[in-house]
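Order of the sequence lines fixes the chain letters, A, B, ..., with proteins taken first and strands second; residue numbering starts at 1 for each chain.
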Amino acid sequence: MPRITLPDGTVKEFASPVTAGEVAASIGAGLAKAALGAKVNGELSDLARVIDRDASLAIVTAKAKGATSADADALYLIRHSCAHVMAEAIQRLFPGVQLVYGPPLENNFYYDMLFPAGTSISSEDFARIEAEMAKIVAEDRPFTRYELPMSEGLAKLKQEGSKFKLDNAERAIEAGSKELSWYATGAPGKNWEDLCRGPHVPSTGRIGGFKVLSLASSYWKGDEKLDRLTRVYGTAFPTKAELDAYLAQVEEAKKRDHRVIGKQLRLFHIDEMVGQGLILWTPAGAIIRQELQNFIGEELRRQGYSQVFTPHIGKLELYKTSGHFPYYQESQYPPLVEHEQLAQFAKEGCSCADLANRMKAGEIDGYLLRPMNCPHHIRIYASQQRSYRDLPIRLSEFGTVYRWEQSGEIGGMTRVRGFTQDDAHLFMREDQVAQELQGCLSLVKLIFKTLGMSEYRVRVGLRDPDSSKYVGDPKNWDKAEDACRQAAMSLGVPFSEEPGEAAFYGPKIDFVVKDVIGRSWQLGTVQVDYNLPRRFKLEYIGSDNTAHVPVMIHRAPFGSMERFIGCLIEHFAGAFPTWLAPEQVRILTISEKSEAYGKEVLGMLTARNVRAMIDTDPERIQAKIKAATEWKIPYLLVVGERDAEQRVVSVRARGHQENLGAIPAADFVTAVTEEISTRGATSVLSRFGKA
RNA sequence: GCCGCCGUAGCUCAACGGUAGAGCUCCUGAUUUGUAAUCAGGGGGUUGUCGGUUCGAAUCCGAUCGGCGGCUCCA
C-alpha cells in the first residue's frame, strides 16, 4: 500500500495504487485543477502515472507557490506537449511530412521533420499552423499514453514505415528500455499519436500561450551525409500573458544586439570589400578597445609581465614545429608561397592540383598568416639562455591572429576571421605552475568584476582520450589537467569538466558568457602547456646546473578584443561606463550667447583628457538633448547665460530623466576626472547625492 | 562548408510586373531658444552584382557576393 511523501514532509497512505493526479485531488480540488504533471521520486512524469509503492511526490503546477516566474518543469511539460500539437497541425496541413524528433529546450522547443520532395514550408505558413494548433488546443484532448512490448512496438513502427521513429526506438532499446510508449492526443487509434517517452500535460487545453517562431535546417543525427531535415521552432507558456512577456523580452534583447548597437553608435564596421569576418575598428570603438587595453596593461605591469611586439606572419616551418600547420590546417588561411618558388613550380609545369597538394603537404617555402601568437613568443624565449632565476618569464602582446572560420559561422564581432588576443605566454618551472595559474585567474576575475559581468561560467577543457588531435605525452597531460582542475576549484565558482574541449597542446580553463540571443561565447581562457616547450626544445638551466624543460601557460583574459567587446556592447546595451564611453561629456549651449563660456568649459575638460565635445548648433536645447541621448553619452552639460554668470554647469546624467541641477564647472571637472581615473569606483552622481 | 530566409538613399523602412517613395541623417536659410525632435527649402538610389524571361523587372528565374537564423565546426 503506497505511502506518498509530499514536499512538505507529510505522508499520505493509500489503500491501493493511485495516480499522481488522484493524490493531487486528495490534497485539494484547486491543486488537482492546477496540476500539470508530477515529480515522482524526483522524476518528472504524467499526472496519470500510477504509483504502486512508497514514493516521494511533488505536484508540478504552472507556478510554484510564491514563485514569480513559471516553473521550469511546467515549462518543460507544456513545451514538450506543444511540440506534439505543432507536429499534428503541420501534418494536417502538409500531408506526407515525417516526424523525427521534437524536444523542449530552455526557452522554446523544436520539431525536426522531413518534408516530402517538392514540398516546403515558409514563415508565411506560420499563421495557418498556429490557427490549426489553436483548434487542437481548443478541443482540449487528453494526452493518452499507451505502451507496447518491444517486439510489438517495433513491428508497428516498421509497418508505419518511419525510419526515423524506428531509429529512435532502437536507441531507446540501447538505452535499456523494455517497452515503447506512444502518446495519442486524444484516444489511441482514433487521434493523432507519436512515439514518445513523455511526459506530457494532461490535455492540449493546458497549453496557454504558444507561437511558431522560426525555421531552420538540420541533419539527421547532425550528420550532413544523412537526411536534411526541416526544424520548426516554437515556444509555449502556461498563459498567453507569459508568452507575450517573453516575446516582448526577446524584442528588447534584439535591441541590445551588438550588431545593431555597433551600427547605431558607429563602434565598428564590417566591409564587404575588405572581407567577411574582418573587423574595422571605427574611432568610437577604437577608444573602447584602447581603454580596455590600457586597463589590462596597467595590471600586467603590476604583475611583472614584459610587453613584446611580433609580426602577423611567420615561416611555415615555425608552425610545423608548433604543430599548428599539421593539426589545424583546415582552420588556417592557406600558406603564402614565395615568388621564386612559384616561378620555379610554373617552370616545372606544376598544375594547380599539384600546387594545392604541395601546399597542403607543406612542401613549399612560404609563410603563414598566424593562427596563434605562441610560436613567436616561444622564439623570443629561445633567443637567449635562461636561468631558473629568470623564471617565470611573462611575455605579453595584443597579438592579432587569423583563422579560416567557416563562412556560415561568421557574424558580428563574436565570430570573426581576424582578431586580436590580449595574449601572453608564461614560461616557468614546474613548481611555479599553480601560483602562475592563480595569477592568471585573478586577472580574469578582475576584469569581470570591474565591468560588472557576473553572469559567467567556467569550463575546464580536458582532452578526449580517443582523439588523435592532441600532441604530447599523456603523463604531462595528466599533470596539466590536474593543475587546471585544482585552479578552477579554487575559484569558488561552479565549473564543468568537458572532455574533448582541450586545445591540441594542453588543457584549458575557459570563461563563458551568453549573448542577447542566448548563445554561449568563450571569452577569457587560461591554458597549461607541457607540450610546446618540448616541441621547440626550450630549456632553462636549473640550480643543479643542468638543462630543464620549462612549462608554459597561454592566457588571454579577454579572449579576443573583438568578441569581448561584442559581448560588452550587449552587456551595457551601448551605455558604457564613463571611463569606456567614446564621448564622455557633451556640452550643450542654450544659445550663441553662452557659446564662449561653453568652449571655456570644454577647454577645462579636454585639458584633463576628458573626451568631451560641444554642440553649438543653433537648435533648441530639447533637440540637442534628444540627439545627445541617442549617443548614450554619460554626462550632458547644459550651459546658458545664467550658468556662465555663475561659472556653473547644469548636469544631466544618462539614465536620469530629471536634470541634476547646477554645480561649479571646476567641481564637475574634478568629479568626472575622478570617476574616469577610478574606472567608476567613484561617480559624479555622488556630488548630487544620487549614487 | 551545408540548408532556409533576406539584400531598395548614410540609417529605419514603403512600393511587390507599369514613371522608385517617406521619416531621420546631411546641406542651405530663417529662428537665439533653459532640459527628449523649431520652421522652410535642398541634395541623395543604374533597387548588392552579373546574366536571363518580358513590350516593360526593385518585383519573376539563374548565378554570384554579402547579411540573418540554424546545422556542422571552433587552437
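A/Arg586 has no side-chain polar atom (N or O) that falls below the 4.0 Å cut-off from OP1 or OP2 of B/U35. Close to B/G67, at under 4.0 Å from its OP1 or OP2, lies a side-chain N or O of A/Gln276. Look at A/Arg231 and you'll find a side-chain N or O under 4.0 angstrom from OP1 or OP2 of B/C71.
Here A/Lys263 lies in heavy-atom contact (under 4.0 Å) with sugar-phosphate atoms only. Using a 4.0 Å heavy-atom criterion, one finds that A/Ile410 contacts the sugar-phosphate atoms exclusively. Here A/Gly412 lies in heavy-atom contact (under 4.0 Å) with sugar-phosphate atoms only. Contact annotation for A/Tyr233: backbone-only contact, meaning every heavy-atom pair under 4.0 Å involves sugar-phosphate atoms and none involves a base. Base contact: A/Arg652 has a heavy atom under 4.0 Å from a base atom.
Within the cation-pi definition used here (under 6.0 Å to the ring centroid, within 45° of the axis), A/Arg128 qualifies as a partner of A/Phe94. Cation-pi geometry between A/Arg79 and A/Phe109 is not met: the NZ or CZ atom fails to fall both under 6.0 Å from the ring centre and inside 45° of the normal.
At a cut-off of 3.5 angstrom, the base of B/G70 holds at least one donor-acceptor pair with the side chain of A/Ser217. Remark: the A/Asp643 side chain and the B/G34 base include a donor-acceptor N/O pair separated by less than 3.5 Å. No N or O donor and acceptor, one from the side chain of A/Thr230 and one from the base of B/G4, sit under 3.5 Å apart.
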Task: side-chain hydrogen bond (donor to acceptor under 3.5 Å, both in side chains) between A/Asn373 and A/Gln421, intermediate numbers included - done: CA-CA 9 Å; A/Asn373 302 308; A/Gln421 298 176 308; 3.1 Å; yes
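Of the candidate nucleotides B/A36, B/C74, B/C71, B/C74 has the atom lying nearest to any side-chain atom of A/Glu405. Comparing B/U35, B/C73, B/A37 by their closest approach to the side chain of A/Gln406 singles out B/C73. The side chain of A/Thr629 lies closest to B/A36 when the candidates are B/G69, B/A36, B/C71. Side-chain proximity of A/Gln657 to the nucleotides B/C68, B/A36, B/C3 is greatest for B/A36.
With no hydrogens or angles considered, a side-chain donor-acceptor pair links A/Lys624 and A/Thr589 at under 3.5 Å. Counting only N and O atoms by type, the side chains of A/Asn659 and A/Ser650 include no donor and acceptor under 3.5 Å apart. Judged by distance alone, the side chains of A/Gln332 and A/His324 never bring a donor and an acceptor atom under 3.5 Å apart. Donor-acceptor pairing under 3.5 Å is lacking for the side chains of A/Arg379 and A/Thr310.
We find that A/Lys255 and A/Glu251 are not joined by a salt bridge, their nearest charged nitrogen and carboxylate oxygen being 4.0 Å or further apart.
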Could you go over nucleotides 23-33 of chain B and give all protein N or O partners under 3.5 Å, atom names and distances?
unit_1	atom_1	unit_2	atom_2	d
B/U32	O2'	A/Lys593	NZ	3.3
B/U32	O2	A/Glu592	N	3.0
B/U32	O4	A/Glu592	OE2	3.4
B/U33	OP2	A/Lys593	NZ	2.9
B/U33	O4	A/Pro618	O	3.0

Please tabulate the protein-to-nucleotide N/O contacts below 3.5 Å involving nucleotides 46-48 of chain B, giving atom names and distances.
none

Distance-only donor-acceptor pairs under 3.5 Å for side chains of residues 262-278 of chain A, two or more places apart:
unit_1	atom_1	unit_2	atom_2	d
A/His269	NE2	A/Asp271	OD2	2.9
A/Asp271	OD1	A/Met273	N	2.7

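By the 6.0 Å contact criterion, NZ on A/Lys211 is open, its count of non-hydrogen atoms from other residues, nucleotides or ligands being 12 or less.
B/G69 and B/U35 are spaced 42 Å apart, taking the P atom of each and rounding to whole Å. Across the C1' atoms, B/G51 and B/U19 are found 25 Å apart, a figure rounded to whole Å. When the P atom is compared between B/C50 and B/U8, the two are found 16 Å apart, to the nearest whole Å.
For A/Glu619, the salt bridge (Lys or Arg N to Asp or Glu O under 4.0 Å) test picks out no residue, with sequence neighbours left out.
A heavy-atom distance below 4.0 Å to RNA chain B is reached by these residues of residues 415-427 of chain A, ordered by number: A/Arg415. Residues from residues 521-531 of chain A that place a heavy atom under 4.0 Å from any atom of RNA chain B, listed by number: A/Gln527.
For A/Tyr381 and A/Phe536, the ring centers are positioned 6.0 Å apart or more.
A/His258 places a side-chain N or O within donor-acceptor distance of the main-chain N or O of A/Met413, the cut-off being under 3.5 Å.
In this pair, A/Tyr505 and A/His554 present their aromatic rings parallel. The plane angle is below 30°, not in the 30 to 60° band. Ring-plane geometry between A/His312 and A/Tyr402 is classed as tilted, the angle between the planes lying from 30 to 60 degrees on a 0 to 90 degree scale.
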